Amino acid sequence: MGRLPDVEFDDTTYQEFVGRIREDRWDSWTMFRLALEAHRRRLSGDFDQLTCIDQLPAVIPYPHQIRTAERVIREFQGRAVLADEVGLGKTIEAGLVLKEYLIRGLVRKALILVPASLVLQWTRELNEKFSIPAFAQRNEWSWSTHDILVASIDTTKREPHRRAVLSQVWDMVIVDEAHKLKNRKTKNWQLVNQLQKKYCLLLTATPIQNDLRELYNLITLLKPGQLGSFREFCRTFVEDRRTPKNPAQLRQALGEVMIRNKRGDGNVEFTRRHVRQVPLELSPEERSFYEAVTSFIRDEYRRRIDTAQNVLHLITLQREMCSSPYAALNTLERMAKDDSRPPDLRARLSELCELGARIPAYTKVETTIDLVNEIDDKVIVFTEYRASQDFLLYMMKRRGIPCVPFRGGFGRGKRDWMKDLFSKKARVMVATEAGGEGLNLQFCNQIINFDLPWNPMRVEQRIGRVHRLGQTRDVFIHNLATADTVEQHIVELLQEKIRLFELVIGELDLILGKMRLSADDFERQIIRWIMDAERPDDLRSKMDEFNRAFESAKVQWNRERTTAGPDIQDLF
């Protein structure tokens, strides 16, 4: 028998053990158990069930959110479009996926790209709900300092940030409001496309709006070639920009990279909506001002259309008149001081300003304050215009009503500060359209629409701030409507004729699609009706005509939805 080889012993472990005995250096039993559990989970070979649920004491996911996260990991290998309808919790689904990958050691570096207004909200939710150590990007050095970063996509696409981001390898990239990537020629799309990433989640409630090419661009970011080359896609799947060819085949291809949960699927029970129209009567002074300004707008609109001049400011003025005399008066005063305008026009504008200055009190503002006191609970008051917002805030503070503003232009910190003040101290938040996107305010269930947008999709955005997952109470929506004005017609059209507030989210867009209209087209249609109407009856007639067409399209859509008709939105 030959000689056995020498055996060398490594006594490193022994020496370390002896050293711990001598110095009494021992980790706690709790830390040992955590380390052991982490090691076991990393050895897990499948994703049949999420292991992160037990480690999320601050959030209880809904069943559809758990199923979505499991499918993303198990079937989609971490690359997916999360396209749930508004309010169903896409952020929670993305957080579950990220947490699971972090626990299993498959993700260390992650980048979350969001609109600037949502950076702090995402950072807070990842830390508080998921115990994920996320940091908000604040400067050029953040990119190399933190492993999990939440950043504004508009900041990231600019130098020197773009260069710093593209030079790194990211285990996971999450993009919120991903419908803003629909155009491959934009810097946003090009940035996300060039990122070095292993896993990728795109979050959007509207994966497609008006053009099938938007869908192709979005899917290409996740899985190039999933829909073929662009020419192949157009040849196989596009009848025209809104009508797909071979919808069943396209739906199958999308089903391999996209998950869309709908409110109407019965996965989640939402509280009820109660909609109330609050009628108003203008004072004699307000009525005189309204009639004079509306007459001026129509005269100028027709003159400028004939001479091909810009009419945008006139449309804005008409919409401000529907909001409040105060908002319109501010615009009229600026127009009257413009020396570039003809003297006769400036004289007429000055007369209108004098007429508006004689109004002793604003009926709509007084009604809003009375309504707030009647409700005796937290209320969000929405208005489209900063001037209306400022006056409402001024009058409420004079009446001793604790209130806070919310509008575009607020920095990250101020947005969170206003939200916290509203949650803990103030009774009223007066918000412009900036409050219609990105805020979660389920602790409030009362909305006053001081004025209504003419784009119905933005109405739903407003309501979605409170009527979403986590809302435990019925939601009450109060729409102010001034009698015998354009505003009354708008409220009647949205509330009573097309019954906007009764539609399941997304249905309006589908029905308008049958009419070959987008929400923006709908808004432009309203503007034309208002400006072309000689008498109030003309406007009512146009809206009645639209209502009949809408009802017909709704019937057609309801008939076709059971047979998977080929409209663009039926793909989802």
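What you see is a predicted model, and the numbers here were worked out from it, not measured in a lab. Numbers here are sequence positions counted from 1.
For the pair Arg272/Val475, no side-chain contact is recorded, criterion being any heavy-atom separation below 4.5 Å from C-beta on. Within the 4.5 Å cutoff, side-chain heavy atoms of Leu371 are placed close to those of His478. Residues Val372 and Asp370 fail the side-chain proximity criterion, which asks for heavy atoms closer than 4.5 Å. Residues Gln495 and Leu500 fail the side-chain proximity criterion, which asks for heavy atoms closer than 4.5 Å. In this structure the side chain of Leu181 reaches within 4.5 angstrom of the side chain of Leu202, judged on heavy atoms.
Within the cation-pi definition used here (under 6.0 Å to the ring centroid, within 45° of the axis), Lys364 qualifies as a partner of Phe450.
Across all their heavy atoms, Met531 and Gln318 have their closest contact at CE-CB, 4.0 Å. For the pair His64 and Leu88, the tightest heavy-atom approach, listed with the atom from each and the gap, is NE2-O, 2.9 Å. Closest approach of Glu487 to Asp451, counting heavy atoms only: OE2-CA, 4.1 Å. Of all the heavy atoms in Leu393 and Cys403, the pair that sits closest is CD2-SG, 3.8 Å. Here the closest heavy-atom approach between residue Ser152 and residue Val119 is recorded as N-CG2, 3.6 Å. When all heavy atoms are compared, the tightest approach of Val428 to Phe422 is C-CE1, 3.7 Å.
By the 4.0 Å N-to-carboxylate-O rule, Arg548 lies too far from Glu545 to be salt-bridged with it. Here Glu384 pairs with Arg319 in a salt bridge; the nearest charged N to carboxylate O distance falls below 4.0 Å. At a threshold of 4.0 Å, the pair Arg468-Asp84 does not count as salt-bridged, since none of the basic side-chain nitrogens sits closer than that to a carboxylate oxygen. Using a 4.0 Å cut-off between charged nitrogen and carboxylate oxygen, Arg287 and Glu281 do not count as a salt-bridge pair.
Thr316 places a side-chain N or O within donor-acceptor distance of the main-chain N or O of Leu312, the cut-off being under 3.5 Å.
Taking Tyr385 as the reference, nothing meets the ring pair (Phe, Tyr, Trp, His ring centres under 6.0 Å) condition, with sequence neighbours excluded. Under the ring pair (Phe, Tyr, Trp, His ring centres under 6.0 Å) criterion, Phe237 pairs with Phe233, sequence neighbours left out. Arg427 meets the side-chain hydrogen bond (donor to acceptor under 3.5 Å, both in side chains) test with no other residue; sequence neighbours excluded. Remark: Pro343 engages no residue in a side chain to side chain contact (heavy atoms under 4.5 Å, CB included) (not counting sequence neighbours). The side-chain hydrogen bond (donor to acceptor under 3.5 Å, both in side chains) test applied to Lys157 returns Asp154, Asn188, not counting sequence neighbours. The salt bridge (Lys or Arg N to Asp or Glu O under 4.0 Å) search around Asp338 returns Arg341, not counting sequence neighbours. Partners of Asp474 according to the side-chain hydrogen bond (donor to acceptor under 3.5 Å, both in side chains) rule, which considers only residues two or more places apart in sequence or in another chain, are His274. For Tyr394, the ring pair (Phe, Tyr, Trp, His ring centres under 6.0 Å) criterion is met by no residue, not counting sequence neighbours. Legend: residues meeting side-chain hydrogen bond (donor to acceptor under 3.5 Å, both in side chains) with Thr331, ordered by chain and number and at least two apart, are Glu320, Arg334.
Expressed to the nearest 0.5 Å, how far NZ of Lys378 lies from CD1 of Ile447 amounts to 15.0 Å. Considering CG of Asn217 and CG of Leu215, their distance stands at 9.0 Å, rounded to 0.5 Å. Here the straight-line distance linking atom CD of Glu239 with atom CG of Leu212 works out to 10.5 Å at 0.5 Å rounding. Rounding to the nearest 0.5 Å places CD1 of Ile297 at 11.5 Å from CZ of Arg302. Rounding to the nearest 0.5 Å places CG of Asp176 at 9.0 Å from CD of Gln121. Note: Tyr326 OH to Gln389 CD = 12.0 Å, rounded to the nearest 0.5 Å.
Crowding of Lys542 atom NZ: a count of heavy atoms from other residues, nucleotides or ligands under 6.0 Å not exceeding 12. The number of heavy-atom neighbours closer than 6.0 Å to CZ of Arg540, taken from other residues, nucleotides and ligands shown, is 12 or below.
The residue from Ile153, Val175, Thr186 that alone fulfils the side chain to side chain contact (heavy atoms under 4.5 Å, CB included) condition with Leu191 is Ile153. Exactly one residue among Arg260, His179, Lys180 makes a side chain to side chain donor-acceptor pair (under 3.5 Å) with Thr204. That residue is His179.
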Check the pair Asp377 / Arg473 against salt bridge (charged side-chain N to carboxylate O under 4.0 Å, His left out), numbers first and verdict last. CA-CA 13 Å; Asp377 198 350; Arg473 299 179 291 171; 3.1 Å; yes
Would Arg298 and Asp532 count as a salt bridge (charged side-chain N to carboxylate O under 4.0 Å, His left out) here? Give the steps. CA-CA 8 Å; Arg298 287 206 176 104; Asp532 292 342; over 6 Å; no
Quick one, Leu218 with Lys182, criterion side-chain contact (heavy atoms from CB on, under 4.5 Å). Give me CA distance, side-chain angles, the key distance, then yes/no. CA-CA 6 Å; Leu218 205 59; Lys182 62 187 179 182; 5.9 Å; no
Stepwise salt bridge (charged side-chain N to carboxylate O under 4.0 Å, His left out) test for Arg499 and Glu551: CA-CA 10 Å; Arg499 301 192 178 280; Glu551 285 297 324; over 6 Å; no
What's the verdict on side-chain contact (heavy atoms from CB on, under 4.5 Å) for Asp390 and Arg407, showing C-alpha distance, side-chain angles and the deciding distance? CA-CA 11 Å; Asp390 288 342; Arg407 55 176 167 255; 3.6 Å; yes
Would Ile380 and Phe406 satisfy side-chain contact (heavy atoms from CB on, under 4.5 Å), going step by step from the backbone distance to the final call? CA-CA 10 Å; Ile380 304 174; Phe406 196 93; over 6 Å; no
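For the residue pair Gln442 and His467, no side-chain donor N or O sits within less than 3.5 Å of a side-chain acceptor on the partner. Side-chain contact annotation: Gln190 with Arg184, donor-acceptor N/O pair under 3.5 Å absent. Under the 3.5 Å distance criterion, with hydrogens and angles disregarded, a donor-acceptor pair is assigned to the side chains of Asn449 and Arg462.
Annotation: ring-ring contact (aromatic ring centres under 6.0 Å, His included) contacts involving residues 513-542, sequence neighbours excluded, comprise Phe522-Phe546, Trp529-Phe546. Counting only residues at least two apart or on different chains, no ring-ring contact (aromatic ring centres under 6.0 Å, His included) pair has a member in residues 276-297.
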Side chains of residues 348-363: which donor-acceptor pairs under 3.5 Å do they make with residues two or more places apart or in other chains?
from, atom 1, to, atom 2, distance (Å)
Arg348, NH2, Asp299, OD2, 3.4
Ser350, OG, Arg346, O, 3.0
Thr363, OG1, Glu286, OE1, 2.5

